[in-house]
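Here's the structure, in structure tokens; my notes come after.
Remember, it's a predicted structure, so these values are computed and weren't measured experimentally. Sequence lines set the chain letters: A, B, ... in the order given, protein chains first and strands last, and positions in each chain run from 1.
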2 protein chains.
Amino acid sequence: MSPSARPVRGSTTGRPIMVLLDLIGQRWTLRILWELQPGPETFRSLQARCGDISPTVLNTRLKALREAGLVDAGDEGYRLTEDGRSLGQHLLALDAWAREWADHRPAPST
Amino acid sequence: MSPSARPVRGSTTGRPIMVLLDLIGQRWTLRILWELQPGPETFRSLQARCGDISPTVLNTRLKALREAGLVDAGDEGYRLTEDGRSLGQHLLALDAWAREWADHRPAPST
DNA sequence: TCATATGCTACGATTTTAGTAGCGTCAATC
DNA sequence: GATTGACGCTACTAAAATCGTAGCATATGA
């Protein structure tokens, strides 16, 4: 099987940034990291947090994130590794960026 | 038609970070921003830079990125807006992060 | 034994992405 | 003024990813 996991679709260069872009350029990956930031979550609670993402995808993503060393599974469920947390810092930065961004633009909402 | 464009699939909260995660959680979006960082590119040169991404997707992404105010089109082709460049700074940070990340791990390559 | 919650797989339906061909426009060349 | 080549981009089909739901196997408590 091993469908996605490592293929690095868009790039075969192996450049770390490309590997990363490939990983986080998949739906839910960043969201999962985001939801895991406050603390460990069980499979089902994580699923709920992500708006009832299908378990198929959640499991696929968790597998990839674990292989990437960003997430691991313990007694309390899934949680970020040290790497995961340091990447999470960047997500926090993006959160701040996004607020300003949403602030000063025509607001494409509705 | 207007297929994707704005739907904000994973989240209907409207929270900026969710809108952003939804946008960049699509294949090629981040890659396009990345490739646009050095300077303006024409549609076709950008396509080439992205490993011959299909024009359908490229155009869809460019449309979304323009609506998001991250990219615009000028005489020299497509280029990052000011917002696009500031987001690009975060990509540079991620690049640095990714290098270290790739550095101290079992290397899932090959 | 029964009820409940867990992590997770199966599988058909829907949506997205890929891949290729090609149109209409424009500028340079012949 | 017909041809060539590059441009931005659309059309269309096939492949792949994602969704959505059902449900299994295990564990825990009542």
A:Glu67 with A:Lys63: basic N within carboxylate O range, under 4.0 Å: no
Donor-acceptor contact present, side-chain A:Thr81 to main-chain A:Leu70, <3.5 Å: yes
Could you state the [atom1]-[atom2] distance from [X] to [N], rounded to the nearest angstrom?
{"X": "A:Leu46", "N": "C:dT6", "atom1": "CG", "atom2": "P", "answer": "12 Å"}
{"X": "A:Leu58", "N": "D:dT18", "atom1": "CG", "atom2": "P", "answer": "12 Å"}
{"X": "A:Asp75", "N": "C:dT6", "atom1": "CG", "atom2": "P", "answer": "16 Å"}
{"X": "A:Ile53", "N": "C:dT9", "atom1": "CD1", "atom2": "C1'", "answer": "15 Å"}
{"X": "A:Asp52", "N": "D:dT18", "atom1": "CG", "atom2": "C1'", "answer": "15 Å"}
{"X": "B:Asp22", "N": "C:dT16", "atom1": "CG", "atom2": "P", "answer": "10 Å"}
{"X": "A:Ile32", "N": "C:dG7", "atom1": "CD1", "atom2": "C1'", "answer": "14 Å"}
{"X": "B:Gln26", "N": "C:dT15", "atom1": "CD", "atom2": "P", "answer": "15 Å"}

Name each donor-acceptor pair under 3.5 Å that joins a side chain in residues 72-79 of chain A to protein atoms two or more places apart or in another chain, with its distance.
| from | atom 1 | to | atom 2 | distance (Å) |
| --- | --- | --- | --- | --- |
| A:Asp72 | OD1 | A:Arg79 | NE | 3.2 |

Counting only pairs under 3.5 Å, give me each side-chain donor-acceptor contact of residues 90-98 of chain A, with atom names and distances, residues two or more places apart or in other chains.
| from | atom 1 | to | atom 2 | distance (Å) |
| --- | --- | --- | --- | --- |
| A:Asp95 | OD2 | A:Arg99 | NE | 3.4 |
| A:Asp95 | OD2 | A:Arg99 | NH2 | 3.0 |
| A:Trp97 | NE1 | B:Ser86 | OG | 2.7 |

side-chain N/O A:Arg61 vs D:dT18 OP1/OP2, d < 4.0 Å: yes
Presence of A:Trp28 side-chain N/O under 4.0 Å of D:dC19 phosphate oxygens OP1/OP2: yes
Contact letters for nucleotides 3-13 of chain D, in which S counts primed atoms plus P, OP1 and OP2 and B counts the base, heavy atoms under 4.0 Å: ----BBBBBB-
Side chain to side chain contact (heavy atoms under 4.5 Å, CB included) involving B:Ser45 - partner list, sequence neighbours excluded: B:Glu41, B:Thr42
Residues forming a side-chain hydrogen bond (donor to acceptor under 3.5 Å, both in side chains) with A:Gln47, sequence neighbours excluded: none
